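One structure is given below, encoded as structure tokens.
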Amino acid sequence: MSERNVVIIGSGPAGLTAALYAARANLKPLLIEGLEAGGQLMLTTMVENWPGFREGIMGPDLMAEIRAQAERFGAEILQSTVSRVDLSVRPFPLELSDGARITADALIIATGASARWLDIGSDRRLSGHGVSTCATCDGYFFRGRPIAVVGGGDSAMEEAIYLTRFASKVTVIHRRESLRASKIMQDKAFANPKIEFVWDSEIAEVKDVQRGEVTGVVVRNLKTGALHDLAVDGVFIAIGHTPNTTLFRGQLDLDETGYIVTGQGTRTSVPGVFAAGDVQDHVYRQAITAAGSGCMAAIDAERYLEHLPAAADTQAATAG
Ligand code: NAP
């Protein structure tokens, strides 16, 4: 059993920034990386809005830098996942996927959010056989071929624009007649001659599950109900994310969509447990805001630890 001051779960911008700050506060944090090491920025291309890089920086490069910076100050990073945690006992016991056990005086949850799927069955069944939620990972396979992108947000526009590097044509299928994406992303997408839009529509089916590969989609017009076939070799789904909070269900206050409820900075409903990044933020959801809240969580944890055990009672009275 390893006993730690601060354990951080998750290795996106929130988790790694928390690790950096906690390490510099001499708390010797342990960060457990999780399945999607580096978080969502590992699946993106150029990040143009991270302050300090006027020409932009590639998402994976940015994460590698923050990780190295955290390690430089003594953060320990473990390639593992947490399979169980008990927030009713102090220090908090955690069990890792390899069976290892750890306790934490303070816990920072930065488990982020994962890409959503369509709920039509055929998309999941053809995952990895032409259906993807990551253009950066899979775009290369569609050189010279037509593809569809689902969604109307910044992610969908970013993916559609990126995919025009490879695809012969990109058809964006969106359920409304206007985009949710920011103006600058909309302008870029509308100006791209390889991108076409199908409005007020959804994918009713991805074909062909029998053949085990994508040969096209059946598109349903949501206003008229009419169906039509669109021949594509790939489908990229970019319809938002679901917070990764399964581990904490029933142990922490979550909102109706599953995000961790925080109050007074990054405090959760359990004293000594803090949450940062997309796992508790469905409003801003930017890498920079995730990193900012990771910094806040480390400072909140540091203050909590300074006043243990009195802090537990205070937080219980103020959280939520
Ligand atoms: P988002 O903004 O929530 O957009 C999700 C899109 O998917 C919406 O257009 C939504 O339609 C559609 N959608 C949701 N569920 C659907 C379903 N079941 N079937 C079909 N369509 C569905 O998510 P996001 O694009 O991933 O962006 C998340 C956050 O990250 C945002 O704050 C965004 O600004 C940020 N982001 C920024 C950048 C950048 O600055 N370069 C890049 C990527 C993401 P409706 O519009 O009808 O709701």
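Whatever order the structure lists ligands and atoms in, that order sets their numbers, starting from 1. Nothing here was measured: the structure is a model prediction, and the numbers come from that model.
Using a 4.0 Å cut-off between charged nitrogen and carboxylate oxygen, Arg4 and Glu76 count as a salt-bridge pair. Looking at Glu202 and Arg220, a side-chain N of the basic residue comes within less than 4.0 Å of a carboxylate O on the acidic one, giving a salt bridge. Using a 4.0 Å cut-off between charged side-chain N and carboxylate O, Asp105 and Arg90 make no salt bridge. Between Asp200 and Lys223, at least one side-chain nitrogen of the basic residue sits less than 4.0 Å from a carboxylate oxygen of the acidic one, meeting the salt-bridge criterion.
Between the choices Ala156, Gly240, Gly153, the shortest heavy-atom distance to atom 23 (O) of ligand 1 belongs to Gly240. The closest non-hydrogen atom to atom 1 (P) of ligand 1, taken over Glu177, Arg180, Glu202, comes from Arg180. Of the listed residues (Arg116, Arg285, Lys188), the one carrying the non-hydrogen atom nearest atom 3 (O) of ligand 1 is Arg285. Which of Ala113, Gly152, Ser155 comes nearest to atom 43 (C) of ligand 1 through a heavy atom is settled by distance: it is Ser155.
Using a 4.0 angstrom heavy-atom cutoff, Gln286 counts as in contact with ligand 1. Distances shorter than 4.0 angstrom occur between a heavy atom of His174 and an atom of ligand 1. Look at Arg176 and you'll find a heavy atom under 4.0 Å from some atom of ligand 1.
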*Might you work through the ring pair (Phe, Tyr, Trp, His ring centres under 6.0 Å) test for Phe142 and Phe236, ending with a clear yes or no?*
CA-CA 11 Å; Phe142 297 92; Phe236 287 81; 5.5 Å; yes
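In terms of protein heavy atoms, atom 40 (O) of ligand 1 is closest to Asn49 ND2, 3.3 Å. Of all protein heavy atoms, the one closest to atom 16 (C) of ligand 1 is Arg175 NH1, 3.3 Å. Among all non-hydrogen protein atoms, the one lying nearest atom 21 (N) of ligand 1 is Ile239 CG2, 3.5 Å. Ranking protein heavy atoms by distance to atom 41 (N) of ligand 1, first place goes to Glu158 OE2, 3.2 Å. The nearest protein atom to atom 38 (C) of ligand 1, hydrogens excluded, is given as Asp154 CB, 3.6 Å; this is a heavy-atom distance.
In this structure, Arg143 is not positioned above the aromatic face of Phe166 in the sense of NZ or CZ being under 6.0 Å from the six-membered ring centre and within 45° of the axis.
Between Phe197 and Trp199, the ring-plane angle classifies as parallel under the 30° and 60° cut-offs.
Atom CH2 of residue Trp50 and atom CD of residue Glu48 lie 15.0 Å apart, to the nearest 0.5 angstrom. With rounding to the nearest 0.5 Å, the separation of CZ in Phe274 from CG in Leu107 is 9.5 Å.
Of all atoms in ligand 1, numbered sequentially from 1 with element shown, those under 4.0 Å from a heavy atom of Tyr284 are 32 (O).
For ligand 1, the polar-atom distance check against Gly151 finds no nitrogen or oxygen pair separated by under 3.5 Å.
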